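Please read the structure below before turning to the comments.
In this text the structure is predicted, and so the values were computed from the model without any measurement.
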Amino acid sequence: MQTLNMTKQSLVLAGFCASIGLTACNQQPTETARKTEATPASNTAPTTAGGQKIRIATEGAYRPFNFTNTDGSLGGYDVDVAKAVCAELKADCEIVAQDWEGILPGLLAKKYDVVASGMSISPERSAQVDFSTPYFKNTMVWLATTDGKFNPKVVKGYQLGGQRSTTLAQYLQDTYGKDNEVKLYDTYDNAYMEVKAGRVNAVLSEKVTATEWLKQNAEGKFGIVGDEMDNGDNIAMAVRKGDPLKGDIDKALATLQQNGTLANLQKQHFGQ
């Protein structure tokens with residue numbers, strides 16, 4: 001969204017499991033919503049996915065990409081893609097929750113093997129990890145009140161919100177920070193609530209997350225203001241540098257793209 005992450009994006013978990021599962025041939029992936037420190041993942045680097053157990057991390061707080069259900073299980077597009085990848089690879093996958101700001105450090109510390117969390121590909125992240133082929137393309141929008149007080153064509157003199165540690169947050173600061181006050185929050189939901197409370201004028205966000213929030217919070221007062229913007233934000237799964245698991249995930253994602261699974265999951269979660 002999780003750099004323009006441009007965005008918490010980018011701007012992935014359903015696709016992720018579908019391509020990274022590695023162990024039990026016919027086992028179903030298990031899910032654990034857990035914010036505490038995960039135990040280290042296996043140090044063994046597989047050459048093929050089959051027969052390997054894979055641990056996948058997602059934030060669990062980035063609807064509709066990933067979220068935590070009331071029973072503690074994890075759901076969302078990223079989770080469903082990850083499950084589909086795991087099924088394609090005939091792998092045994094465990095999906096765990098990890099706070100956004102610690103998600104890449106946890107991967108590098110080998111607490112898990114893959115990140116599938118609406119993460120956008122960026123040069124900064126690519127210097128630390130390897131990314132799979134993208135499984136979703138993001139666009140960005142302004143979420144604001146619909147009373148005309150925010151002008152998306154002349155963004156100057158406003159208080160603007162975003163999610164910290166995302167590609168969109170960096171874009172927000174670089175593009176609008178000089179003429180506006182930028183405020184960053186732990187999650188997009190928190191940023192949206194600041195718009196609702198009148199403490200920021202607008203939030204720069206991914207279209208799908210803004211649309212999801214508006215389903216429950218529009219109340220006729222809030223909406224997507226201005227045009228949808230294409231910032232070249234692609235969401236993919238992340239693995240440690242040089243991990244051959246990337247090749248397995250790429251192959252699984254290619255199959256899921258060709259057989260229509262990714263398109264069906266996008267329609268299910270995003271209505272597109």
Side-chain angles (χ1 to χ4, degrees), residues 1-3 5-23 29-46 49 52-63 65-68 72-79 81-83 85-86 91-132 135 163-167 169-170 184-188 190 235-246 248-249:
M1 295 206 347
Q2 51 195 7
T3 1
N5 188 288
M6 245 169 201
T7 44
K8 160 172 251 175
Q9 311 81 352
S10 188
L11 179 210
V12 192
L13 179 53
F16 174 85
C17 275
S19 78
I20 68 173
L22 290 184
T23 306
T30 58
E31 302 172 3
T32 304
R34 181 164 57 206
K35 293 292 181 180
T36 55
E37 180 176 338
T39 57
S42 172
N43 293 329
T44 302
Q52 176 91 6
K53 181 172 182 178
I54 298 178
R55 213 160 198 241
I56 302 166
T58 193
E59 183 185 10
Y62 186 45
R63 191 181 292 272
F65 285 100
N66 54 79
F67 51 84
T68 304
S73 63
L74 294 163
Y77 177 68
D78 292 330
V79 173
V81 171
K83 289 179 179 179
V85 169
C86 291
D92 180 12
C93 293
E94 179 187 13
I95 304 173
V96 299
Q98 169 66 54
D99 290 336
W100 177 249
E101 291 195 48
I103 206 161
L104 279 187
L107 176 66
L108 298 177
K110 300 183 178 180
K111 294 178 181 177
Y112 30 81
D113 308 292
V114 184
V115 169
S117 190
M119 181 171 284
S120 303
I121 300 172
S122 72
E124 295 78 11
R125 290 172 180 161
S126 295
Q128 302 179 65
V129 300
D130 285 341
F131 281 101
S132 70
Y135 60 92
Q163 181 178 355
R164 63 171 54 93
S165 301
T166 65
T167 54
Q170 189 63 54
L184 301 179
Y185 303 89
D186 291 339
T187 67
Y188 273 119
N190 287 343
I235 287 177
M237 298 177 190
V239 300
R240 288 182 290 277
K241 282 285 187 182
D243 193 333
L245 182 56
K246 168 182 158 46
D248 296 321
I249 294 172

Nearest heavy-atom contact between Y112 and G102 is OH-O, 3.5 Å

Please name all residues satisfying side chain to side chain contact (heavy atoms under 4.5 Å, CB included) with F131, sequence neighbours left out, ordered by chain then number.
M119, I121, R125, S126, V129, A236, A238

Heavy-atom pair of closest approach, residues E59 and W100
OE2-CB, 3.5 Å

Gap separating the CD atom of Q98 from the CZ atom of R55, nearest 0.5 angstrom
10.0 Å

Closest non-hydrogen contact found for K241 with Q128 is CG-O, 3.4 Å

Where is the tightest heavy-atom contact between A169 and L184, given as atom of each residue plus distance?
CB-CD2, 3.9 Å

Tell me the closest heavy-atom pair linking Y188 and T166, and the distance in Å.
OH-OG1, 4.0 Å

Separation between NZ of K83 and CD1 of I56, rounded to the nearest 0.5 Å:
10.5 Å

Test item: T58 side-chain N/O and A116 main-chain N/O as donor-acceptor pair under 3.5 Å:
yes

Spacing of OG belonging to S165 relative to CG belonging to D99, to within rounding of 0.5 Å:
11.5 Å

Tell me if a side-chain donor or acceptor on D130 pairs with a main-chain N or O of G242 at a distance below 3.5 Å.
yes

side-chain contact (heavy atoms from CB on, under 4.5 Å), that's the test. Do K110 and R240 meet it? Break it down for me.
CA-CA 8 Å; K110 300 183 178 180; R240 288 182 290 277; 3.6 Å; yes

From CG (L245) to OG (S132), nearest 0.5 Å
9.5 Å

Could you give the distance from CD (E101) to CG (L104), rounded to the nearest 0.5 Å?
11.5 Å

Any sub-3.5 Å donor-acceptor pair from T68's side-chain atoms to G60's backbone N or O?
yes

Heavy atoms only: give me the nearest N66-S117 pair and the separation to one decimal.
ND2-OG, 3.6 Å

